[in-house]
Amino acid sequence: MAREKIHVGMEIGTTKVCAVVAECRRDGEMRILGVGESPSRGVRKGEIVDFKNATQCVHDALADAEDRSDYEIKSVWLAISGSHIKSLNNRSSITLPEETTITAKEIESVEFKAKEAGIPKEDVIIHSVIQRYYVDGQEGVIDPQNMMGSKLEADFHIIHGVTNRIQNAIRCVREFDIDVEDIVVNSVASAQVVLGEQQKQAGAVLIDIGGGVTDYIVYRSGAVCHSGVIAIGGDHITNDLCIGLRIPITRAEKLKIEEGSAITSNIPAGDKITLKNDTGFSGKDIDRQMLNMIIQARLEELFTIIHKRIQEVVPERLLGAGILLTGGCSLLRGIREVAESVFPGTPVYLAHAQSVSGPMSAFENPQLSTCIGAAKYAQAVHAEMPEESILDRLKGFLSGRI
Amino acid sequence: MITYPRWLDRDTGKEPVLRLLGIGNAGVNIADRIAVRASLPLETVALNSDQQSLNASVASQKTALGPMTTHGLGASGDPEMGLEAARESMSEMRQSVQGADVVFLCAGLGGGTGSTATPQLAELARANGSLVIAVVTSPFQFEGRRRSQQAKDAMASIARHADAVVHFENDRMAEIVAPRTEAEETFAACDDILFRSVASLTRLISCPGPMAVAVPDLLGVLRGEGGAFLFGSGEADGGNRAHEALEQALRSPLLERGKLLHEARKVLVHLSGPRSLAFAEVAAIMQEISRSTSPTALLHLGVSVARDESAPLIVTLIGHCGTASHGEKAASIPAAEPVRSSPPTLVAEESVPPTPSASTVSEQAPSKVIPLKVKQENLPLDPIDRGRFEKVEPTIVEGEDLDVPTFLRRKLKR
């Protein structure tokens with residue numbers, strides 16, 4: 001059996017480190033060969049805080065993935081996140097000499113100019129996504145190549161992050177002589193597999209709630225118009241429960257997964273959950289009303305923050321495809337109802353990776369959306385012309401070339 | 001609200017008086033615009049020989065020039081009559097410049113009143129020790145050679161007395177508007193540019209900021225010899241304001257869509273914005289400008305911050321693209337510019353009010369002025385409960401530490 005191009009998507013998450021080995025066919029189909037996972041240590045809020053431990057987890061996950069897919073991993077596409085990742089929209093324009101036809105060169109230079117946006121010195125641009133072009137002020141040009149004009153303008157969505165923090169994640173993987181082909185921001189990766197072209201055109205918000213961070217990305221008329229990271233995730237809920245119910249953190253995590261829900265209505269008064277005693281824990285009765293209230297308050301706040309930020313860039317009525325929730329935390333009961341209450345009138349769905357084949361357990365798991373997305377992103381990039389990778393840019397940045 | 005430019009503060013400790021004198025029909029127009037539209041710390045005075053125009057004016061002070069000479073009917077473009085009117089009203093004119101620290105003279109040259117009274121006012125204001133900046137327009141070419149000659153003569157004598165002359169050619173300004181635009185709109189657009197330039201000069205001088213513009217720098221740019229005066233101003237708010245405001249400023253016809261900026265030898269960039277104006281935005285604008293200017297050009301940067309949170313970001317570009325070889329125009333400005341005895345400076349250090357020595361004195365002698373001790377009170381909060389996020393970088397969104405459980409912050413329990 002001749003294998004087609006194989007890409008490995010990897011994510012060093014707060015809860016788990018995982019690697020997805022996927023076979024990418026030339027017709028755009030993708031099949032998952034194997035998924036390697038390892039519980040994460042040394043990662044907080046999507047960023048590495050304990051290098052040694054994190055490296056060990058990366059090793060375990062890669063070894064697991066190799067075992068399951070029967071493939072020797074040489075390079076990975078790394079999904080990154082963290083509160084340092086910011087985005088902005090920037091318009092750039094170039095004036096063309098007398099009546100020129102726009103070629104790839106002009107398009108390149110307008111993109112280059114857009115990248116000169118005022119980002120902090122310690123940051124590096126991770127993605128610059130084209131939103132739309134304007135030729136001589138004419139709006140909505142999708143591809144200006146071969147058009148005539150005297151002024152070419154372009155709106156770009158630029159995602160940037162702190163160079164050193166990105167380097168840390170890359171170094172973690174490099175420890176084992178495995179190359180990082182390129183990096184991709186969590187939200188961009190998830191959008192690759194969770195959102196279809198139609199949803200992007202209709203306008204959609206993808207919210208990926210992970211263990212430590214929440215990544216979101218907003219599409220409007222097929223183009224990214226906003227993206228961001230909020231350093232709040234499932235860990236925060238666990239921590240809230242730990243503080244609010246006075247139980248150990250491991251118990252809180254278990255309780256959240258087994259009993260937790262964000263629905264506070266219709267709970268009979270005095271409904272209790274009995275936690276059995278354990279070594280170092282004497283057992284406790286938990287008031288369900290209290291449990292759900294704590295979870296609901298946290299999630300409602302998180303959605304309210306996102307709602308506020310999205311409102312500034314795109315009116316709700318333009319979100320035809322609604323809101324899609326993915327990531328490990330989207331498995332929490334009642335999360336959809338909370339989102340619906342914060343985004344009134346906008347449909348909310350729970351989503352996972354689409355248009356991939358392989359073991360059902362892999363792509364139907366919203367926890368793996370980002371990881372699968374990173375592999376899909378690799379496929380998409382390879383389908384286009386090879387371009388300078390972010391790593392070259394990083395190298396250039398470090399050697400002072402930029 | 002009037003703020004204290006530091007160079008004035010140092011000497012007298014009182015509010016600087018910025019006064020705008022609109023002279024002649026064109027000048028009164030500008031004064032009206034300023035009085036109506038801008039919330040600038042400017043007193044406006046309308047001076048005209050035409051009573052009708054004065055009656056319609058909304059300036060805070062009005063002075064009729066030569067009521068006996070012209071019978072309130074205007075000088076009708078006759079400089080002789082204008083001169084006579086000015087002579088008749090010398091005492092009123094003297095009064096109108098009295099007590100002003102900075103005097104803006106706005107006039108359209110080439111007519112009877114503006115061309116004759118403006119030089120006189122410049123001289124009077126200068127004798128009072130005011131900083132004199134003249135903002136004048138020269139007539140359209142189609143108004144005839146006689147008018148343009150009158151304007152040229154007036155320019156020369158104004159330049160002799162004023163600290164700086166900002167000169168707009170009406171011909172160039174008319175290019176702003178599309179060729180088929182209605183005449184009224186064209187004139188309004190010209191007036192608007194004048195208005196904007198006065199407004200931004202006022203902001204430049206009066207607004208405090210992290211980076212104030214030194215008056216000598218401003219005068220240096222304004223006084224450039226010969227060539228064309230460059231002026232561009234743009235304002236915008238919203239997420240992309242830095243880019244939009246600059247784009248608007250560069251589109252200004254007086255920059256010939258940015259082309260003239262390449263030739264400028266001195267450029268003053270002034271940014272005024274709300275407190276949320278980010279350093280990155282300033283850097284981005286300056287970077288963009290330095291790309292459009294020649295590498296040898298001298299750039300001056302000023303940044304001021306408005307108290308109003310909703311104030312737009314305003315980018316002002318002032319420059320002079322003079323070439324030394326531009327002999328004819330250079331001659332119109334006298335080579336020997338009288339030097340002011342005490343050059344006013346807006347140096348930043350002077351803004352630090354308590355000098356170190358003063359504070360040590362107050363420690364020794366408590367009877368003297370004791371600096372107000374501001375005690376920071378503790379917010380009535382319980383010890384913050386961050387649990388497992390104790391040692392990691394906090395998640396702060398809009399000033400709230402989101403690592404603290406939501407239900408505690410919202411007081412849903414206990």
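From a predicted model like this one, the values you see are computed outputs, not experimental measurements. Within every chain, numbering begins at 1; the chains are lettered A, B, ... in the order of the sequence lines, protein sequences first and strands thereafter.
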Is the number of heavy atoms from other residues, nucleotides or ligands under 6.0 Å of A/K308 NZ greater than 12? no
How long is the gap from CG on B/L408 to CD1 on A/I294, to the nearest 0.5 Å? 8.0 Å
Is the count of non-hydrogen atoms from other residues, nucleotides or ligands lying under 6.0 Å from A/K284 atom NZ greater than 12? yes
Is atom CZ of B/F279 surrounded by more than 12 heavy atoms (other residues, nucleotides or ligands) closer than 6.0 Å? no
Answer yes or no: is there an ion pair linking A/E301 with B/R409, defined by an N-O contact shorter than 4.0 Å? yes
Quick one: what part of B/E244 sits under 4.5 Å from any heavy atom of chain A, side chain, backbone, both or neither? neither
A/H236, A/K113, A/E300: which one forms the most heavy-atom pairs within less than 4.5 Å of chain B? A/H236
Close side-chain approach of B/V397 and A/R309, heavy atoms under 4.5 Å: yes
State, to 0.1 Å, how close A/G244 and B/F407 come at their nearest heavy-atom pair, and which atoms those are. CA-CZ, 3.3 Å
Quick one: of A/I230, A/I237, A/N89, A/D235, who has the most non-hydrogen atom pairs under 4.5 Å with chain B? A/D235
Spacing of CZ belonging to A/R91 relative to CG belonging to B/N240, to within rounding of 0.5 Å: 7.0 Å
Which atom names give the shortest non-hydrogen contact between A/S92 and B/H243, and what distance separates them? CA-CE1, 4.5 Å
Quick check for you: to the nearest 0.5 Å, what is the distance between A/R298 atom CZ and B/L402 atom CG? 6.5 Å
Is a side-chain donor or acceptor of B/T395 paired with a backbone partner of A/A231 at a separation under 3.5 angstrom? yes
